[in-house]
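Below, read A as the first sequence line, B as the second, and so on, with proteins coming before strands; counting in each chain starts at 1.
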Amino acid sequence: MSSLLEAYVQTEDFDITQEYQNLRENNSESGAFVSFLGQVRDFNEGDNVSSLELEHYPGMTEAVLNKLLQEASNRWAISRAKIIHRVGALKASDKIVWVAVSSAHRADAFAACEFLIDALKTQAPFWKKERGKQGERWLDAKDSDQAKARQWMK
Amino acid sequence: MSSLLEAYVQTEDFDITQEYQNLRENNSESGAFVSFLGQVRDFNEGDNVSSLELEHYPGMTEAVLNKLLQEASNRWAISRAKIIHRVGALKASDKIVWVAVSSAHRADAFAACEFLIDALKTQAPFWKKERGKQGERWLDAKDSDQAKARQWMK
Amino acid sequence: MITLLYFARYREALGLDSEQFSITCPCSVQDVIEQLKQRGEPWLSILADSKLMLAVNQTIATPDQALTDGDELAFFPPITGG
Amino acid sequence: MITLLYFARYREALGLDSEQFSITCPCSVQDVIEQLKQRGEPWLSILADSKLMLAVNQTIATPDQALTDGDELAFFPPITGG
């Protein structure tokens, strides 16, 4: 069975209501929907974050996201999966990333959704620059993200 | 830190837009939001399901859901968690259950959300009766649900 | 006096969702089950169901649990919600 | 001729997001790195960064990878999206 897989990289915001509508439309064979929303936190490692600049590598980003979606679809029985990742200027509480998966079975939906966000965090070429009271700084990659990504390489 | 924990058992439908709004409101210290939606599948074990009747044990259901929320909050660093479970007459594609969790860290949000739905499936006293072409039948509990619930007992 | 509750397929099979039941303390859940079995079918089949679940005062219980006046004892099949 | 791309803190440090670069085949990513190092700072520091990541034609690569005319070689720091 082929899954409906979609990835978008965009500066515009997205609408969760619309996303759930699209995910559930003509999808009554799926009983389980798992979604992940990542938003800009106002505190990161103790510093007050007022805004974020998200850069990416156009072309490679989309290729990686589509490869990850295909891998998720090969590993788990999912009917649909969609990733939206924003780039450009974002402020505290803005949405950054959306990963939504549907499946006939909840365990597959949970695993695929968590795999996608964990793999995206270490493989999709996005970079965050924070602006706060302390000025600007490019974020360092987190060891915990690398560790999470490795858990899926079994 | 005490979490905001809520459980509702209701016949009325719920609104995902509203749920996300409530979940994210004044919650900018949380960067990760994981939600699970369960809906009525139109096929279950090969039979065409046209509608579902959901019975529960008023009082005990709410007590169990609140106990599970408290357990999730003790085990993982979550800021908010909410469960909504519908009862009464439902038809194909109707929403049945909603579990939404917010956290500063996505791994906690995923774990707490999946724990809550897995534990709910074996511990909260709800019973489903399906109506389809083959008539009515009370569903049997699934061994796979028992196995999933046991995985959390570590 | 305690309250007995029946849910789902048991409720339907018995045509009954609750009843008041006299107990003589000390008394356990198992004692109540034995007395109910004496009513014959459909009680016999239900109470012999290997999947039968019990709750006393809305907490899952086992047949050896003691009961006291005013308790709520519920009989139900395995849970299928979510 | 290949295309070099620089992202994030490297792009800022160099004040440059891309450039065309002449290669003489056969040639590896490591050969390009050696030539770029001869430009001095800030190239030296960037190319000595233990966290430096490489992609050739939009796929993660290692320094031993061979390059051919028309390739796209990108330099970037560890990923911090999501």
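In this structure the side chain of B:E55 never reaches within 4.5 angstrom of the side chain of C:T80, judged on heavy atoms. Contact of the B:Y57 side chain with the C:E72 side chain is registered, since non-hydrogen atoms from C-beta on lie closer than 4.5 Å.
Interface remark: B:K128 contributes backbone and side-chain atoms alike to the contact with chain C (heavy atom separation under 4.5 Å). Residue C:L5 touches chain B through its side chain alone, counting heavy-atom pairs closer than 4.5 Å. Residue contact with chain C, scored on non-hydrogen atoms closer than 4.5 Å, involves the backbone of B:Q123 exclusively. Contacts of B:I96 with chain C are made by side-chain atoms alone, with heavy-atom separations under 4.5 Å and no backbone atom involved.
Most heavy-atom pairs under 4.5 Å with chain C: of the set B:K67, B:K129, B:R86, this distinction falls to B:K129. In terms of heavy-atom pairs under 4.5 Å with chain C, the best-connected choice from B:F36, B:F126, B:W138 is B:W138. Top candidate by heavy-atom pairs under 4.5 Å with chain B, chosen from C:P78, C:G82, C:P77, is C:G82.
C:I60 and B:M60 make their closest contact through CD1-CE, 3.8 Å (heavy atoms, listed as atom of the first residue, atom of the second, distance). The minimum heavy-atom distance between B:A141 and C:I79, with the atom names listed, is CB-O, 3.8 Å.
The distance from atom CH2 of B:W127 to atom CZ of C:R11, rounded to the nearest 0.5 Å, is 9.5 Å.
Taking a 6.0 Å sphere around CG of B:D143, one finds it holds 12 or fewer heavy atoms contributed by other residues, nucleotides or ligands.
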